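To start, the structure itself, in structure tokens.
Note: hydrogens, waters and symmetry copies are ignored here, and every other heavy atom, side chains too, is used. A quick note: this is a predicted structure, and the numbers were derived from the prediction, not measured. Proteins get letters first, then strands, A, B, ... in listed order; numbering begins at 1 in each.
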Amino acid sequence: MKTILSVDDELMILECIRDALSLKGYHVLTAGDPREALEMLTTRTDIHLAILDIKMPGMSGFELYRAFRKQNRIPVLFLTAYPKSFNMKSDEVVSMWQDEFADGTTDIMYKPFDLDVLFEKVEGLIGPAEEDRAE
Amino acid sequence: MTPRNDLDICREIRRIMVKHWIDMGRLSVRSQKGNVMLYGNLRRIEGAQTALIPPLVDEIISQIRRIQGCRMVRTYFENWKYEDGGWRRSEQAAPREEQRLHHVHDPLRQERLFIPDDGKATL
């Protein structure tokens with residue numbers, strides 16, 4: 001079974017993602033605090049995908065990404081209600097886009113989102129929950 | 001990396017999209033046994049210096065077609081239509097009836113096919 005860590009300061013979003021992806025057979029961990037997520041992402045080796053909200057208090061999704069990325073290169077799905085978070089006028093975004101996104105292991109999803117889009121994005125990044133059974 | 005399965009194909013597609021500064025948040029990518037489907041809005045990320053133009057759309061699709069293991073590419077773009085041998089911007093969502101007709105890029109035949117819902121392909 002594949003494990004996904006969803007990180008968001010909005011409890012409702014976390015519950016929605018957990019319930020939806022659990023129904024698809026994924027094991028979903030949640031973290032409302034990015035620092036707790038960082039701890040999980042740097043110590044656990046059983047996480048296949050991280051779904052990161054971008055705007056969170058204390059540490060943004062981008063900061064969290066950069067903090068664990070050197071140790072753990074799992075696929076990442078960024079989640080944001082603000083499409084302008086990915087603005088090429090921002091040096092931070094341009095640098096991440098060119099240096100980190102270029103390997104194709106990251107994707108973006110905007111809130112609000114359809115569950116079908118969530119499933120497509122997740123499957124496109126890590127495949128179905130039970131790969132062997134699906135093959 | 002040599003793409004071997006749908007996961008690799010999706011990853012290669014994302015690499016191509018990132019290289020072309022495409023906003024992946026407005027696009028969905030799917031590959032089933034090498035049959036690739038692209039849905040949504042094909043546009044560049046906010047603040048990109050240049051807008052997407054028809055030859056670039058063609059180039060993006062061509063690059064996807066060349067991914068090893070990719071058998072076919074179907075596009076369901078909301079903002080681009082393939083008409084009269086070229087891509088045309090279409091800011092309005094295609095009418096439902098029209099969306100059923102989608103063009104297909106078959107890398108083996110190097111032709112664009114139109115496949116309606118009944119599955120009968122016409123050139």
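If you tally non-hydrogen atom pairs under 4.5 Å between each of C10(B), A48(B), G25(B) and chain A, the highest count goes to G25(B). Of the listed residues (V117(A), D103(A), L79(A)), the one with the most heavy-atom contacts under 4.5 Å to chain B is D103(A).
With a 4.5 Å cut-off on non-hydrogen atoms, R26(B) touches chain A through its backbone and its side chain both. Proximity to chain B (any heavy atom under 4.5 Å) is shown, for L77(A), by neither the backbone nor the side chain. Contacts of E123(A) with chain B are made by backbone atoms alone, with heavy-atom separations under 4.5 Å and no side-chain atom involved. When heavy atoms are compared at a cutoff of 4.5 Å, I13(B) does not approach chain A at all. Of the two parts of T80(A), neither the backbone nor the side chain holds a non-hydrogen atom closer than 4.5 Å to a non-hydrogen atom of chain B.
Scanning all heavy atoms of the two residues, the minimum distance from G124(A) to L7(B) falls at O-CD1, 3.6 Å. Considering every non-hydrogen atom in both R14(B) and T106(A), the closest pair reads CD-O, 3.3 Å. Of all non-hydrogen atoms in E120(A) and R30(B), the two that sit nearest each other are OE2-NH1, 3.6 Å. Pairing each heavy atom of I45(B) with each of F86(A), the nearest pair is CG1-O, 3.2 Å.
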>> With side-chain hydrogen bond (donor to acceptor under 3.5 Å, both in side chains) as the criterion, how do Y110(A) and D23(B) come out once you've worked through the C-alpha distance, each side chain's angles and the decisive distance to 0.1 Å?
In response: CA-CA 11 Å; Y110(A) 295 133; D23(B) 186 348; 2.7 Å; yes

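One hydrophobic cluster, built from ILVMFWY side chains closer than 4.5 Å, holds both M96(A) and L41(A). By the rule that hydrophobic residues join a cluster once side-chain heavy atoms approach within less than 4.5 Å of another member, L27(B) and L56(B) end up as members of one cluster. Under the 4.5 Å side-chain heavy-atom criterion for grouping Ile, Leu, Val, Met, Phe, Trp and Tyr, I53(B) is connected to I64(B) within one hydrophobic cluster. Taking hydrophobic clusters as Ile, Leu, Val, Met, Phe, Trp and Tyr residues chained together by side-chain heavy-atom distances below 4.5 Å, M56(A) does not share a cluster with L14(A). When the side chains of ILVMFWY residues are joined at heavy-atom separations under 4.5 Å, either directly or via intervening members, L115(A) and L49(A) end up in a single hydrophobic cluster.
Between the CE atom of M17(B) and the CG atom of D107(A) there is a distance of 10.5 Å, given to the nearest 0.5 Å. Rounded to the nearest 0.5 angstrom, M88(A) CE and R44(B) CZ are separated by 10.5 Å.
Residues W21(B) and Q98(A) have side chains in contact (heavy-atom distance under 4.5 Å, counting atoms from C-beta outward).
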